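Just so it is clear, the structure is predicted and the values come from calculations on it, not from any experiment. So that the names make sense, note that chain A is the first sequence line, chain B the second, and so on, each numbered from 1.
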2 protein chains.
Amino acid sequence: MEARKKDERLRDVTRRMIMDRTARLLVEKGYGTTSLRDIAQACDMKAGSLYYHFEGKDALVEAIMARGVTLVETAVRGALDAQAADEPLARIKTAMAVHLETLHDRSDYGSAHIRCFAHVPPEIRQRLREMRAGYEAIWTELLQEAKSGGAIAQDIDLHTLKFALIGMMNWTLEWRLPSDAAPDEIADRFFCIAFEGVRHG
Amino acid sequence: MEARKKDERLRDVTRRMIMDRTARLLVEKGYGTTSLRDIAQACDMKAGSLYYHFEGKDALVEAIMARGVTLVETAVRGALDAQAADEPLARIKTAMAVHLETLHDRSDYGSAHIRCFAHVPPEIRQRLREMRAGYEAIWTELLQEAKSGGAIAQDIDLHTLKFALIGMMNWTLEWRLPSDAAPDEIADRFFCIAFEGVRHG
DNA sequence: CGGGCTTTATAATGATCGTTAGATATAAAT
DNA sequence: ATTTATATCTAACGATCATTATAAAGCCCG
């Protein structure tokens, strides 16, 4: 059983390697333009061999994109739990920094999810939509706490605010400038823009 | 020559029809997953016939995505010119409303551009990038005017602010909720968030 | 009515797609 | 040493891809 465990770990390592490299391809080329042969080549394998690890292209893609949500959600939840006692605005700022950091510095899973979501087959998209909703609930809750605590003005629509924050964060994937600031610096600026308002210096 | 003009107009009408319907497909399915046969079917034609109007798939896609930038840029520039004398913040608000309205209510060109940009062939993407830069220059200028006029705090990084605004606007494509507000109402809320800051009611 | 454009359809090309079955290699277990 | 399990390769399947050359149809003009 010792050996069996090691085997299973080895299998998982390969699985993860395939997902890592496929995620990169999905970010760069998209769902429809990335072929199983592209993926196999990036993994130093032949296309048919991938079927030992995944049921097919769609299963592989879905696993990657689901992991994209999970990674961000886990990171953000972890950071928020460690800061459970802080005031709402500070926790929001933390959530923004972790969201951006996971997207840019950790891996390509989150980016692959964002980049490919709209064009992935409908059944997959539907399942991913439910996962997204689970993650977005964190933000809904965060913003609601801030509002009921008086840190957000009463006339602000939280639904709009949530999408505004997520939108500006996810759009950073389009920046692609090597000169851009680090994720937590960008989080600071975004927080300033949305919460202080750019009028007030 | 009268007739020739009419003929050319007719040809352009078909060209435009093809672009219209293809734009829709690009929004829904993406670049790689939309085949020329899908396009032809949506146009009540056969795939080969499309080559009379376009050099090929890539030329068609590029024409659509280029038009996506042009439509938004033209609409925004037009609205800004008609408001040239107003104060910077009011013009920014107008630009946001027009950008959102063009994206959501006018056609699918802007959406197709945003949705497919990352996954289109590199040469096309490079040319589109230059067009985007031309449009983004409007925002850079707008924000700079506001800042030098004192309407934006000195410590705000305009590069970040520009991408934040564009990001929250373009991300509205992912909302897809029938219950969402009209574009100019959303523009109002976005303006409030970014410029008043959500803390101040 | 017939000749010359314009526009679309036909049909085939070679390439590439996701997927599968079976052979082969590697290494662990008995 | 032989069997067993794991992992990859080989080689092909049929479907579909963008593209092309050519034929046919539609339509204006004389």
Side-chain angles (χ1 to χ4, degrees), chain A residues 1-23 25-26 28-65 116 119-125, chain B residues 1-22 25-26 28-65 116 119-124:
Chain A
M1 58 189 75
E2 181 84 13
R4 170 173 291 260
K5 264 185 201 164
K6 204 196 251 176
D7 279 1
E8 280 176 356
R9 224 173 305 162
L10 205 60
R11 183 198 298 228
D12 289 349
V13 165
T14 306
R15 224 182 112 94
R16 176 61 48 83
M17 177 270 286
I18 294 172
M19 290 172 69
D20 283 347
R21 305 192 179 177
T22 306
L25 288 178
L26 287 177
E28 289 170 351
K29 315 202 342 163
Y31 169 76
T33 340
T34 300
S35 73
L36 274 185
R37 287 172 176 84
D38 291 336
I39 295 171
Q41 185 178 351
C43 298
D44 302 305
M45 297 175 91
K46 299 297 178 179
S49 310
L50 295 167
Y51 282 79
Y52 178 76
H53 298 279
F54 294 93
E55 286 189 11
K57 182 185 180 182
D58 285 355
L60 169 56
V61 169
E62 181 167 356
I64 290 167
M65 294 179 67
C116 298
H119 302 142
V120 117
E123 330 95 60
I124 297 181
R125 191 161 58 238
Chain B
M1 58 190 77
E2 181 84 13
R4 170 173 291 258
K5 264 187 201 164
K6 204 196 252 175
D7 279 2
E8 280 178 355
R9 225 173 305 162
L10 204 60
R11 182 198 299 227
D12 289 348
V13 166
T14 305
R15 225 182 111 94
R16 175 62 46 83
M17 178 270 287
I18 294 172
M19 289 172 69
D20 283 346
R21 304 191 180 178
T22 305
L25 288 178
L26 288 177
E28 288 169 352
K29 317 201 341 162
Y31 169 76
T33 340
T34 301
S35 72
L36 272 185
R37 287 171 177 84
D38 291 337
I39 295 171
Q41 186 178 351
C43 298
D44 301 306
M45 296 175 93
K46 299 295 178 180
S49 308
L50 295 168
Y51 283 80
Y52 178 77
H53 298 279
F54 294 93
E55 288 188 10
K57 183 185 179 183
D58 285 356
L60 168 57
V61 169
E62 181 168 357
I64 290 168
M65 295 180 66
C116 298
H119 302 143
V120 117
E123 328 96 62
I124 297 182

Subject >> Rounded distance in Å - CZ (A:F54) to C1' (C:dT20) >> reply: 18 Å
Subject >> A:K46 NZ - D:dA11 C1' separation (whole Å) >> reply: 12 Å
Original post:
Base, sugar-phosphate, or nothing for B:G56, non-hydrogen atoms under 4.0 angstrom?
Top reply: sugar-phosphate
Original post:
Does any non-hydrogen side-chain atom of A:E123 lie less than 4.5 Å from one of A:D58?
Top reply: no
Original post:
Can you check the B:E55 CD to D:dT19 P distance for me, whole Å?
Top reply: 10 Å
**OP:** Measure from CZ on B:R15 to P on C:dT6 and round the result to the nearest Å.
**Re:** 16 Å
Original post:
Of all the choices, D:dT8, C:dT19, D:dA18, which nucleotide is nearest to the side chain of B:Y51 once you look at every atom?
Top reply: D:dA18
Original post:
When you measure from the side chain of B:R37 to the backbone N and O of B:A47, does any donor-acceptor pair fall under 3.5 Å?
Top reply: no
Original post:
Just wondering, do B:F54 and B:V61 contact through their side chains at under 4.5 Å, heavy atoms?
Top reply: no
**OP:** Measure the distance from OH on B:Y52 to C1' on D:dA23 and round it to the nearest whole Å.
**Re:** 16 Å
Original post:
OP1 or OP2 of D:dT6 less than 4.0 angstrom from a side-chain nitrogen or oxygen of A:H53, does that happen here?
Top reply: no
Original post:
How long is the line joining CG of B:L50 and P of C:dT7, in whole Å?
Top reply: 14 Å
Subject >> Paired stretches of DNA chain C - 3 or more consecutive Watson-Crick or G-U pairs, each distance under 3.5 Å >> reply: C:4-30 with D:1-27
Original post:
B:M45 has an atom CE; how far is it from atom C1' of C:dT10, in whole Å?
Top reply: 14 Å
Original post:
Which of residues 31-41 of chain A have a heavy atom under 4.0 Å from DNA chain C?
Top reply: A:T34, A:S35, A:L36, A:R37
**OP:** Give the rounded distance in Å between these two atoms: NZ of B:K57 and C1' of D:dA18.
**Re:** 8 Å
Original post:
Looking only at N and O atoms, is any donor in the side chain of A:S49 or the base of D:dA7 less than 3.5 Å from an acceptor on the other one?
Top reply: no
